[in-house]
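Worksheet for the structure shown next.
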Amino acid sequence: MTDQITMRLSRSLVPTLKETPAEAQIASHRLMLRAGLVRQTASGIYAWLPAGWRVLQNIARIVREEQDAIGAQDMLMPTIQSADLWRTSGRYDAYGPEMLRLKDRHERDLLYGPTNEEMITDIFRQSVKSYRELPQMLYHIQWKFRDEVRPRFGVMRGREFLMKDAYSFDLDYAGAVISYRKMMLAYMRTFQRLGVKAIPMEAESGPIGGNLSHEFIILAPTGESQVWYDAAFESMDFSSGRFSHESESDLDRFFTQMTTPYAATDEKHDEAAWAKVAEKREGRGIEVGHIFYFGTKYSDPMELRIAAPDGTQVSPHMGSYGIGVSRLVGALIEAFHDDAGIKWPDSVAPFKAAILNLKQGDAACNRICEDLYAKFAGHALYDDREERAGVKFNDADLMGHPWQIIVGPRGAAAGTVELKRRATGERQELSIDAALARIG
RNA sequence: CGGGGCGUGGCGCAGCCUGGUAGCGCGCGUGUUUUGGGUACACGAGGCCGCCGGUUCGAGUCCGGCCGCCCCGACCA
């Protein structure tokens, strides 16, 4: 997404910190601050610096591609909404202090949207009139605001956050179930591409009932809640092709596979059912997504009516599907880090590789680094600072680039570089071409 | 929202109890040094001590109010 931009560290705003700012408690928050990804501008509100912004965009790109793949339509709704719209569903009064309420110069009530069900329902009803136009799924990736009483954990529980919200419209319950399953498939593919193990766990479905509400939990040792699950989840593969979102029987097979093995957070944990699980796994988890079917909760009161095949007017069955995009940045770091810093999965890393020039000014080192830098065309960060080798090693480990290409005078003379894989710590001495080939 | 705590150069902190010329480490600048895991030395720049008011000859320090931020809990994507 940011392919054209190249970066030389000496002239980049990537302010790494040797010491941890006092406010940061958990690992991801500390590391995001130390690696120069974000800066807090107010309680629970963050500015995304260049490297952090690249990560956020990488995650958003993958989310978007998988939403598109199941036929959801990308759009963008505003952050500021009118209170009147929310009065039509009754939620303006129901929502409570988490909703940030504003007034414009004419004293009209506005709000900074915490979610968009009312808005999408309103937009949809203005132009969709017939069952022939269903089903449809729409989504957007937008900043939202919830005035949390107590923001914490950095970006994982901020007040302003980037969220993917999708909404489905179907003629009836049976159709809504298909949309729901498609979305679950898209989610599993999304998390797989992000490099994490995510498990759908049944969640409170509210007054609607049924089993159509799932939370997606990423496994991370420092997660916020305790989770119990069947080891069967560990070997599942959702690469496209294994299940078609266009085949009802595939979706059925997929949904059964996802929801049959045991998986629960502490809220829904059932000791009796757990006792029957053959291969038990326990761990900590972070919720990064939530999908649910809510029927006609909005279409009814907001009078979204559609002509059914028999000519009657019916309220479409809806569902909504969220992924916490900015929260995922923190969650991924919780899942992938060590004492030295972040260990980005390849798919979301701000840069594929860092080029470490261990002897700035040395003719051979400079030449090799410049050459590599040009060849990466935007995918590598070149540490061209006048710093000691140790500083560069430490910062590279901190920032978590999947690969480090270490260029020092020793190897330069022989035409070799050292390639380090951040995730495993494995290093090897290679020719420049071999190193490039290895990184791909 | 209940409970606790903190605001002092960019970052981490001391100083406040017991008022008297604002300090330390890191970072930053210059020079020398070092040259494959945060090198060493020297010199230097940088602070309305969160804000407003009060007490006092004198306030970073004492008193009052306000603002901001963090932690535990309840709550939450």
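A note on names: the letters A, B, ... follow the listed sequences, proteins ahead of strands, and every chain is numbered from 1. What's counted below: heavy atoms across the whole structure, side chains too, no hydrogens, waters or symmetry copies. Just so we're clear, the structure is a prediction, and the values are computed from it rather than from any experiment.
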Touch class at under 4.0 angstrom, heavy-atom based, for A:K420 against every strand present: base
Give me, pair by pair, the N or O atoms of the protein and of nucleotides 8-12 of chain B that are less than 3.5 Å apart, along with how far apart they are.
residue: B:C11; atom: O2; partner: A:E19; partner atom: OE1; Å: 3.1
residue: B:G12; atom: OP1; partner: A:A22; partner atom: N; Å: 2.8

Shortest side-chain distance from A:S43, nucleotide among B:U35, B:C75, B:C69: B:C69
Of the listed nucleotides B:U35, B:G37, B:C70, the one nearest the side chain of A:Q40: B:C70
Validation row, ring centre A:Y293 to ring centre A:Y180 under 6.0 Å: no
Watson-Crick or G-U wobble partner of B:C62, both distances under 3.5 Å: B:G54
Ring centre gap for A:Y262 and A:W228 strictly below 6.0 Å: no
Paired nucleotide for B:G10 [Watson-Crick or G-U wobble; both distances under 3.5 Å]: B:C26
Pairing partner (Watson-Crick or G-U wobble, both distances under 3.5 angstrom) of B:C1: B:G73
Ring centroid separation A:W143 to A:F161 under 6.0 Å: no
Rounded interatomic separation in angstrom, taking CG from A:L358 and C1' from B:G38: 14 Å
Side-chain N or O of A:R150 closer than 4.0 Å to phosphate OP1/OP2 of B:C71: yes
Sequence neighbours excluded, every pair satisfying salt bridge (charged side-chain N to carboxylate O under 4.0 Å, His left out) that has a member inside residues 134-150 of chain A: A:K144-A:D165, A:D147-A:R159, A:E148-A:R157
Summary of protein contacts for nucleotides 40-45 of chain B, nucleotide by nucleotide, where a base hit scores B, a sugar-phosphate-only hit scores S (4.0 Å, heavy atoms): ------
Touch class at under 4.0 angstrom, heavy-atom based, for A:A24 against every strand present: nothing
Nucleotide B:A77, atom C1' - distance to CD1 of A:I59 in whole Å: 14 Å
